[in-house]
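Just so you know, these numbers come straight off a predicted model, no measurement behind them.
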Amino acid sequence: MTVVKTSMRNFFAHKGRMALSAVAVLLSVAFVSGTLVFTDTMNTTFDKLFAITSPDVTVSPKSSGGEGGQQPGTGKPETLPASALERVGAVAGVKSVEGAVSTESVTVVNAENKNVGATTGAPTFVGNWTRNDLRSMEIASGHAPRGPTEAMIDADTADKHHIKIGDELRAIAVTGTFTKKITGIAAFKVTNPGATVLYLDTATAQRELLGGPGRFTQLHVTADAGVSDTKLKQDVAAALGTGTYKIQTQKEAADANRSDVGSFLDVMKYAMLGFAGIAFLVGIFLIVNTFSMLVAQRTREIGLMRALGSSRGQINRSVLFEAVLLGVFGSVAGVAAGVGLAVGLMKLMSATGLELSTEDLTVRWTTPVIGLVLGVLVTVVSAYIPARRAARISPMAALRDAGTPADGRAGLLRAVLGLLLTAAGGLSLLVATRADEAAAGSLFLGVGVVLTLIGFVVIGPLLAGGLVRVLSAVLLRVFGPVGRLAERNALRNPRRTGATGAALMIGLALVACLSVVGSSMVASATDELDKSVGADFIVQPSVPNTPIVPKAQEALESTPGIAHVTQYRMVDAKLTSPDGKAEDEGVIAADPTYAQDLRRETVAGELSAAYGKDAMSVGDTYAKDHGVEVGDTIKVAFRAGGTAELKVAAITSDDTSIDKGAMYINLTTAERYVPAAKMPKNMIMFAAAQDGKEKEAYAALKKSLAPYPQYKVQDQTDFKQDLKDQISQLLNIVYGLLGLAIVVAVLGVVNTLALSVVERTREIGLLRAIGLSRRQLRRMIRLESVVIAVFGALLGLGLGLGWGTAAQKLLALEGLGVLEIPWPTIAGVFVASAFVGLFAALVPAFRAGRMNVLNAIASD
């Protein structure tokens, strides 16, 4: 009980000094809790949607390997015949069955030719209005489509794009383009995660989306009362033939949809938790520093307690109990803040088009438990070493001043251990750069990153002694005696300076590493484009897995000023090499002009010959693995057609990042073996301008494809900028998440300085008494903060550059061979770290300047 009372008294007596450590715990726990609440809410949203939209039993075509129920590469949905509906309707236990038509390969545009579909990754569905849709939708105004000219749209899309009843929308599908008048608006009964839905009547949907009557994409089966979904599924399977179609109960269909979304949500969740872990790691330094300084400041007090009979165990438990209190307060506040963070993320996602309702806010009981356990555990573990140090204080310490020098032997052991870890980590990074395979190199890279990080943390005090002196000579000496005082203060406790700088080091190391990797990826891809891509223009869908419709292709081919247009189709096939091994590799069917549009290096044969009759090319990796040489014959079994025996006319180098491993054939060769109805559509096309007419052709191409806003028309400059923007956008998100760790590190600098000011109260009073002005005092503390922050930045940027360089060497194995150091970014981060130091010192310097001189001198 005495331990608890003492701990409570000490905790609340120093609550101001504990506040910033509590904020670090709060932020870290908030990130974890917010991530869990956010992803649980998204799961709840999709679970409700999938559960309510799934009929008792769903009958779908057996997948042939396409994306989202599509025939591979065609953009057309897989279908089943109307005869299957009649057979299912005759099954005992079936109350009703209806045919559904739905596809995602449609772009819907308004009168201004702007895409009204989702642009955030959510799908755009166009299909027929069925009774099953009444489970999730209700008609808010107007009426359902009744004829070939009518359509109904979802309310969320109508609100977002100001669509009213009577407006006309144009839909662009692979089967053609059609215009419909909106006669109804339907509202979701559950949260719509951002999808756009356009409804047609059944006959119109079959004609416009499937090319004719008598086909459906799904059958929705409703069971009679008392008939279970499982029994109904068995009976339907018996009527249709086992293995003929994919038949799912309501639960199975919902689980399958949930699994597709769940994989994306899991990636998001674990990525965000990873950044929360980094914040926790940085917070550990803050907490260790806080308790180490508090213990040092209470040396005399603890010595008196030991003299009065307190045992080592009691002192140890007293400090750890203070850590428990800190962890509980910080964690409770962090869980609450995490819920607020989740709501903020939901609002942010809603602003970008992914609608999430706070009505579905899900806080599972495990979330606060995980937050509390993590917060308290991390805090207690962080305080363990300072607690052990406190327990070793002897009763004689009551006769000494607070603060004892560090153990010299421990410092030597720490330095040796740090050097060994850093050397081992550096060796691992070196091995990673010499690896022949990316998989093996990645393992050494990971080990090297971990070991060098731990090594730098352990060796931090040793580095602090040397680097701070160098930095002081450059940055502080110009400030005269005040600068020298700041230098001495930073060097007074190298262990403390090292730990404070290490907290900032972690975040900046990751920023530097990712900057190098991102810049190198852009530079490598740009270099590859300059060397390899000969096409002037590239046309591709802005939404993945959306083929280029025939009308758009015709518009492209008829554009004035275009010298040639190259088709590029990915055809599924199984290849059997001369050694008898069969593999699902697939081939690229393209026009012969593709050899001009993409300059591929060959290691044997001529690439132009690969576009001859019944000829092909293979990559050198495939050739080595199967002993293939020019002149050999490979059996190519097209999934959607017949089997061909093609002669290898060229072997291309796989030392590239564009079309690596691709095998080429002439488009006319593929057309001889694959029926036109099953031939994949172009997912990308290339074009070259007539000599001297590049600008005119570019403008004409933009104009020709203006009616098709789902496609991007880019010249090489646009393509490079698009690639750069994509990588920059990803990096900015990562930097934003790493910002949390940097915020915690800044709090560590603030807390270290604040406690250091308290520790040096008497010293500050004496300095003021002998003539140091308030202004000089504040400057001294600011300079100390700047040198600590710059010290951490040097460590972090140096470490990050090493990690990034090693990572780029692995990327070189995948064809990204250009190393580019983003010096402006590195310099900007370095300069910003100095401003971070200035910012962190504002409050401690202000408090120091307000000290009463006589009271400060009289303090003990």
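A donor-acceptor pair under 3.5 Å links the side-chain atoms of T217 to the main chain of A100, judged by distance alone. In this structure, the side chain of R569 engages the main chain of P680 through a donor-acceptor pair within 3.5 Å. Panel note: side chain D625, backbone Y622; no donor-acceptor pair is recorded below 3.5 Å.
By the side chain to side chain contact (heavy atoms under 4.5 Å, CB included) test, V818 is found to be paired with A523, S524, D527, residues two or more places apart in sequence or in another chain being considered. Residues meeting the salt bridge (Lys or Arg N to Asp or Glu O under 4.0 Å) test with D436, sequence neighbours left out: none. Listed by chain and residue number, nothing satisfies the salt bridge (Lys or Arg N to Asp or Glu O under 4.0 Å) test with K269 (two or more places apart in sequence, or in another chain). Every side chain to side chain contact (heavy atoms under 4.5 Å, CB included) that V116 has, sequence neighbours left out, goes to V108, N110, T157, H161, I163. Scanning for salt bridge (Lys or Arg N to Asp or Glu O under 4.0 Å) contacts around K114 gives E112, with sequence neighbours left out. Taking the side chain to side chain contact (heavy atoms under 4.5 Å, CB included) definition, one finds that T668 meets it with N666, E671, sequence neighbours left out. Looking at residues two or more places apart in sequence or on another chain, you find a salt bridge (Lys or Arg N to Asp or Glu O under 4.0 Å) between D255 and K251, R258. Looking at residues two or more places apart in sequence or on another chain, you find a side chain to side chain contact (heavy atoms under 4.5 Å, CB included) between I588 and Y568, M570, A590, A662, Y664.
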Please test E208 against K180 for salt bridge (Lys or Arg N to Asp or Glu O under 4.0 Å), starting from the C-alpha separation and ending with a verdict.
-> CA-CA 11 Å; E208 304 285 18; K180 305 297 176 189; 3.2 Å; yes
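Screening L529, L607, I658 for a side chain to side chain contact (heavy atoms under 4.5 Å, CB included) involving L598 leaves a single residue, I658.
Defined by atom type and a distance below 3.5 Å, a donor-acceptor pair is present between the side-chain atoms of T566 and T593. Between the side chains of D597 and H564, at least one donor N or O lies within less than 3.5 Å of an accepting N or O.
The two residues D654 and G661 make their nearest non-hydrogen contact at OD1-N, 3.0 Å. Contact record, G800 with A512: CA-CB, 3.8 Å, taken as the closest heavy-atom pair. Minimum heavy-atom separation, L705 to A555: CD2-CB, 4.2 Å. Minimum interatomic distance between Y711 and P541 (heavy atoms only, all atoms of both residues): CD2-CA, 3.8 Å. Closest approach of D536 to A689, counting heavy atoms only: OD2-N, 2.7 Å.
For residues 713-731, the pairs satisfying salt bridge (charged side-chain N to carboxylate O under 4.0 Å, His left out) are D530-K720, K712-D722, with sequence neighbours left out. Listed by first and then second residue, the salt bridge (charged side-chain N to carboxylate O under 4.0 Å, His left out) pairs that reach into residues 604-614 are D614-R672, sequence neighbours excluded. Among residues at least two apart or in separate chains, side-chain hydrogen bond (donor to acceptor under 3.5 Å, both in side chains) pairs with a member in residues 514-523 are S515-Y735. Counting only residues at least two apart or on different chains, no salt bridge (charged side-chain N to carboxylate O under 4.0 Å, His left out) pair has a member in residues 547-560.
Ring to ring, Y698 and F537 are close: their centroids are under 6.0 angstrom apart.
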